[in-house]
There are 2 protein chains.
Amino acid sequence: MNHQTFLALACMALVANGMSGAEKLTSPDGDISLTFELRDGRPTYFVDFKGKEVIAPSGLGFDLFSESGRNSFDQQGKKAAADALSLKDGFELVNTTRDSVDENWEPVWGEETLIRNNYNEMSVTLRQPAFDRTMVVRFRAYDDGIGFRYEFPGQPNLNYFVIAEENTEFAMTGDHTAYWIPGDYDTQEYNYTKSRLSEIRDLFPSKINPDNASTTPFSPTGVQTALQLKTDDGIYLNIHEAGTIDYPTMHLNLNDTTMTFHSWLTPDNQGRKGYMQTPANTPWRSVIITDDARDILASRLIYNLNDPTKYEDTSWIKPVKYIGVWWEMITGAGSWNYTDDVYSVKLGETDYTKTKPNGRHSANTEKVKRYIDFAAEHGFDQVLVEGWNEGWEDWFGQSKDYVFDFVTPYPDFDLKGLNEYAHSKGVKLMMHHETSGSVRNYERHMEKAYQLMNDYGYNAVKSGYVGNMIPRGEYHYSQWLNNHYLHAVKEAAKHKIMVNAHEASRPTGLARTYPNLIGNESARGTEYQAMGGNDKTHTSILPFTRLQGGPMDYTPGIFEFDLSTFTPGNNSKIASTIPGQLALYVTMYSPLQMAADLPEHYEKHLDAFQFIKDVPVEWERSVYLEAEPMDYVTVARKDKNSDEWYVGSTAGTADRKSEIALSFLDPGRKYEATIYAEAPDANTVDGQTRYTITKKTVTSKSKLSIHELAGGGYAISIKPLS
Amino acid sequence: MNHQTFLALACMALVANGMSGAEKLTSPDGDISLTFELRDGRPTYFVDFKGKEVIAPSGLGFDLFSESGRNSFDQQGKKAAADALSLKDGFELVNTTRDSVDENWEPVWGEETLIRNNYNEMSVTLRQPAFDRTMVVRFRAYDDGIGFRYEFPGQPNLNYFVIAEENTEFAMTGDHTAYWIPGDYDTQEYNYTKSRLSEIRDLFPSKINPDNASTTPFSPTGVQTALQLKTDDGIYLNIHEAGTIDYPTMHLNLNDTTMTFHSWLTPDNQGRKGYMQTPANTPWRSVIITDDARDILASRLIYNLNDPTKYEDTSWIKPVKYIGVWWEMITGAGSWNYTDDVYSVKLGETDYTKTKPNGRHSANTEKVKRYIDFAAEHGFDQVLVEGWNEGWEDWFGQSKDYVFDFVTPYPDFDLKGLNEYAHSKGVKLMMHHETSGSVRNYERHMEKAYQLMNDYGYNAVKSGYVGNMIPRGEYHYSQWLNNHYLHAVKEAAKHKIMVNAHEASRPTGLARTYPNLIGNESARGTEYQAMGGNDKTHTSILPFTRLQGGPMDYTPGIFEFDLSTFTPGNNSKIASTIPGQLALYVTMYSPLQMAADLPEHYEKHLDAFQFIKDVPVEWERSVYLEAEPMDYVTVARKDKNSDEWYVGSTAGTADRKSEIALSFLDPGRKYEATIYAEAPDANTVDGQTRYTITKKTVTSKSKLSIHELAGGGYAISIKPLS
């Protein structure tokens with residue numbers, strides 16, 4: 001097609017689509033409608049739900065960065081830098097195309113075995129005549145929300161470009177309630193705050209956590225996604241992103257005068273936000289919209305916006321239930337480091353066999369063998385061992401480049417023997433790669449590290465990015481790092497290795513495309529229970545927020561709540577209960593579930609531990625029974641490999657009574673329900689270990705009413721009797 | 001030894017060394033003396049040569065960088081940043097130790113087969129009592145100059161630290177003549193300027209080259225090393241550095257009031273200059289001192305200051321004489337890229353077999369075969385082929401990350417067939433890895449790229465770092481990049497691959513330690529003859545400056561001086577002559593020598609080309625006959641594998657008569673000298689190809705008087721007749 005033909009067709013499209021007015025897109029069920037229009041050349045959209053406006057007219061587009069000369073002698077470069085480049089106005093509409101999809105797809109793992117992907121699509125092609133540049137905005141409307149992304153066709157006048165800022169707006173229609181954590185380039189490890197939008201600015205300073213290993217807030221009204229919102233008339237909005245590949249992670253910055261959120265990308269260490277080469281597209285920007293909070297948990301919007309898996313063979317990807325040599329270090333009873341005599345390690349030069357062991361090094365052969373025995377006895381798949389490799393004496397806070405080599409064990413860790421021992425018992429060890437944020441070093445050693453895993457029979461790695469990044473000045477959530485995290489996942493796939501990356505960017509559903517990404521941390525996990533504690537509401541908000549993008553390695557299962565038993569003086573209080581901990585194996589979906597506490601603590605409560613042993617990590621179907629952000633989450637899930645069901649419930653804000661109907665059970669069939677509930681005299685201060693285990697026969701007509709404590713919860717296993 | 005015993009011994013040392021005064025170190029021949037003293041707690045040194053002061057009292061030490069919190073909420077970090085940390089004053093002398101060495105060592109390749117390393121050493125241990133920090137300065141005095149470095153013993157109070165600036169001074173004793181190029185973080189590709197120190201500031205703006213692919217000058221009195229200087233009373237000083245490992249490259253910034261040079265390290269993209277972990281040491285700072293300019297060329301000070309080779313087996317490292325598919329692209333006749341139809345490449349997505357070849361792509365199978373034939377016929381070891389791999393269509397200036405994969409050939413380059421063809425003729429292909437400065441990408445692909453070289457039988461790679469660096473904002477000569485360049489060399493060694501890195505940091509003698517680093521560019525090479533030309537003085541100053549740190553892949557041997565024969569309109573003038581080009585194979589020592597011009601141009605002058613065929617790349621001994629910076633260089637070298645001698649001479653500033661005695665020949669033996677000289681009517685404007693070839697019988701008593709043109713020169717092969 002030559003240029004003239006193209007223009008002619010474009011003009012016909014203009015006429016055909018009635019370009020005088022706005023372009024409207026409606027969800028399959030008709031409840032959601034999205035309208036696009038150019039307002040004075042600025043791309044704009046707004047969204048209605050059941051006839052009410054839920055996103056007011058909001059701008060779209062970009063500011064581009066004009067590369068300047070870096071030296072003071074380059075006057076030409078300085079001048080060019082002064083010319084602001086706008087990719088957000090001066091547009092005309094070239095054409096609009098539409099599509100509809102209704103399909104089902106099978107995830108490699110997930111909360112169900114079949115996911116419906118049903119949407120209407122509208123794609124608007126925009127052109128800046130002044131620069132002869134074209135940009136496409138592709139919108140999708142689902143029954144549970146909307147998604148859109150920017151697409152840049154390959155074109156000479158927009159080939160390589162640098163983003164100064166993305167100018168996507170989400171204009172709120174009122175001073176909604178938000179469930180937020182501070183926007184931060186380096187950490188999401190925060191407790192959540194529930195407040196009016198107008199209250200964020202005042203609350204912000206008290207909510208940041210300057211003691212975090214790496215933290216960079218950027219604005220007193222900056223917040224992170226997935227951001228849960230609720231309007232005064234009971235509509236839930238949930239803003240996030242999907243499919244973030246080779247692009248920085250998006251934050252939201254609130255203009256609290258207009259109540260409009262503005263996209264705020266994570267910059268690189270030069271203050272630039274994205275390096276693009278066309279053809280290219282941004283991640284999807286997504287908003288779940290519903291008036292039933294349970295729909296948020298049931299939503300697969302983020303995964304649906306991601307691409308299908310790129311792997312031909314996924315048979316090697318298996319959900320994992322594991323224990324680990326970890327919690328005793330977190331609580332201070334053990335250490336990652338082998339010796340206290342060395343304050344400065346040079347790998348290859350420091351001879352550990354000549355140092356004095358500190359006697360607290362947890363990753364020692366004897367202890368790991370006991371963990372392997374326990375895992376084998378109780379049916380766990382794997383045993384994570386942290387602190388197995390040389391370098392932990394000075395790994396943190398030194399901006400150290402060559403901090404680990406990922407292949408050299410400490411003298412007291414028998415790499416070969418332990419793997420053989422584990423395999424002889426049907427258990428695998430889980431690898432641990434803490435990078436200390438030194439990603440060049442990790443990439444240099446990655447191939448050999450993965451090869452070592454293959455050699456010794458590891459098939460999963462927990463990786464970590466604690467502390468400030470190297471390259472120095474780079475942030476955890478920048479394009480550079482997002483590129484790295486995915487690189488690590490893709491390289492792992494070549495070795496049939498599953499990745500569980502901690503301190504990496506919050507997930508955006510990439511696990512659909514790369515399902516060996518079986519977990520992330522990217523939020524405040526159980527570890528903080530040993531460092532001041534998590535809010536009681538924490539696990540009743542995470543499923544609405546952090547878990548929208550993918551599973552979290554939350555590492556539940558704490559049975560010993562008195563942390564001074566680990567380390568005298570550790571007065572951290574865990575405001576939870578044993579039944580509340582059990583519930584998390586159901587409410588916090590993950591194909592990777594840890595029993596985080598020590599074997600000896602489980603051995604004190606083997607009756608409650610039975611639930612952790614029973615609960616599957618592969619599900620056929622999930623039913624969301626009760627849900628309100630921060631208040632409560634109750635979920636029932638059916639095992640993928642049996643007819644058993646499991647129910648978990650957590651309460652957040654207040655003690656409450658959970659009322660559920662078991663109508664999800666097969667009609668006419670009898671089941672034995674084992675209910676793990678808090679004892680009447682339990683509490684989350686000193687009564688966390690007082691629980692009841694009750695068995696009763698139930699059917700699909702049964703209803704249960706169970707009391708649960710704020711910060712606690714209950715769990716039920718339901719096994720067919722026939 | 002406990003702390004008290006140590007202190008007692010230290011006090012004894014104080015007394016024994018007469019700590020009331022200065023510490024003096026003298027060269028083995030007594031001509032050079034270096035004096036160290038603390039002046040008000042500041043470490044200071046000065047140097048005398050034959051009783052005259054040549055370096056006036058000069059300070060030593062460092063400013064440290066106090067890590068600040070990066071976010072605006074971190075007030076504590078801000079306060080810490082405000083506390084300047086000085087590691088340059090408040091010192092007391094703990095003790096002084098001395099040593100002497102006189103040894104010979106055999107380089108893997110070089111200008112001679114045996115190098116004498118003879119020095120006296122003085123090591124002063126300094127302590128800052130206020131911070132309980134210790135620093136050692138180790139001085140060495142050789143007959144040809146001095147070297148010193150800072151050493152930081154492992155210590156709790158100086159474990160990890162960041163250098164804000166190194167404060168090493170070189171205080172000149174007058175307004176000397178300097179042969180300088182502008183200090184620049186990203187390029188050394190400059191013509192040299194001869195001026196008084198006091199003239200640098202005014203000349204500087206006209207000497208920088210903003211059109212360079214990447215250039216970052218930093219100060220109007222900033223210059224690069226090796227810096228050649230000459231005093232009015234005829235003393236030559238040459239300031240450089242040696243053994244720069246995991247440390248930024250040093251520049252010199254002149255205080256033109258005091259005529260003192262201050263070290264100016266290359267910063268990283270955060271403005272910080274060095275990340276250190278003790279025990280550690282800096283590179284050596286070196287000054288060659290002599291009153292005979294020939295001694296500068298004969299000096300092995302830089303190599304002597306470097307460590308012996310770390311490789312157990314060096315048998316695979318072989319000097320290389322090569323031709324290449326290269327000059328025709330430089331001159332504009334051919335192209336690196338395969339097609340002109342694609343302006344934006346995505347490797348793996350761009351299908352070159354579906355694009356239209358531009359018909360100018362030089363790295364095509366047919367042409368490379370002709371080069372292989374020519375190489376085989378004339379005894380060359382290798383054929384370099386640039387532009388063989390996908391990605392050249394948009395490789396430059398785009399800040400492109402994934403720019404090359406280093407393994408995928410263009411459709412018209414038969415990787416397997418060409419290597420087989422070459423090997424069948426006793427020739428190897430030389431690999432080319434242009435990185436476009438994208439070093440993360442290079443490191444990600446390095447292992448597979450080297451493996452491919454092993455698979456196909458390549459044993460040498462020319463690597464390139466053209467353009468601005470990625471990680472973005474990083475400079476060519478920073479610690480990060482110096483770390484990378486050496487990483488590439490060490491990884492190559494694992495594959496028995498030799499490296500010739502262009503646009504990398506100027507060498508500092510590391511080839512002694514890592515002798516597979518057989519070449520660097522790191523200066524303005526022959527390529528500039530096709531882009532405006534090099535000054536006539538250029539090759540008469542490079543041996544004094546750039547070549548001090550190691551060999552340069554200067555790529556001489558231009559026989560066709562009319563560049564419009566390549567590309568109409570290319571009016572670049574090469575102010576040289578064929579004899580002058582031949583001379584460079586002797587005067588510009590390198591174990592890697594290219595014949596840069598096209599086979600058809602050599603075929604027009606096969607009689608002159610005979611010298612390039614004859615001249616060895618391995619030498620047993622070198623004699624420096626005539627030398628004056630910028631004016632002339634005349635060198636005689638004896639072949640390592642025969643009794644043949646080769647003489648090269650270049651003139652710079654003016655036409656001249658070279659008068660040499662052949663007393664280096666074996667007494668009583670007769671030789672046939674073949675003299676390649678400029679014809680009486682030759683000139684460097686349009687008479688570059690007019691030359692004479694004269695044969696005459698010579699002995700050790702012969703003297704020759706040969707006229708040479710500025711920008712030209714002559715060459716002689718001397719073969720024994722019996």
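Below, chain A is the first sequence line, B the second, and so on; all start at residue 1. Below, all heavy atoms of this structure are taken into account, side chains as well, without hydrogens, waters or symmetry copies. Quick caveat: nothing in here was measured; it's all calculated off a predicted structure.
- In terms of non-hydrogen atom pairs under 4.5 Å with chain B, the most contact-rich of A/Glu349, A/Lys400, A/His484, A/Glu491 is A/Lys400.
- When heavy atoms are compared at a cutoff of 4.5 Å, B/Gln398 approaches chain A by way of both its backbone and its side chain.
- With a threshold of 4.5 angstrom between heavy atoms, A/Asn483 approaches chain B through its backbone and through its side chain.
- For the pairing with A/Thr215, the side chain to side chain donor-acceptor pair (under 3.5 Å) check across A/Asp186, A/Asn209, A/Asp184 returns one residue only, A/Asp184.
- Looking at B/Asp246, there are no atoms closer than 4.5 Å to chain A (heavy atoms on both sides), in backbone or side chain.
- Every ring pair (Phe, Tyr, Trp, His ring centres under 6.0 Å) that A/Phe161 has, sequence neighbours left out, goes to A/Phe152.
- Highest contact tally toward chain A, considering only B/Arg440, B/Glu443, B/Gln277, B/Lys346, is held by B/Arg440 [criterion: heavy-atom pairs under 4.5 Å].
- By the ring pair (Phe, Tyr, Trp, His ring centres under 6.0 Å) test, B/Tyr485 pairs with B/Tyr465, sequence neighbours left out.
- Under the 4.5 Å side-chain criterion, counting only non-hydrogen atoms from C-beta, A/Val342 is not in contact with A/Trp392.
- Remark: B/Arg201 fails to qualify as a cation-pi partner of B/Phe204 under the 6.0 Å distance and 45° angle criteria applied to the six-membered ring.
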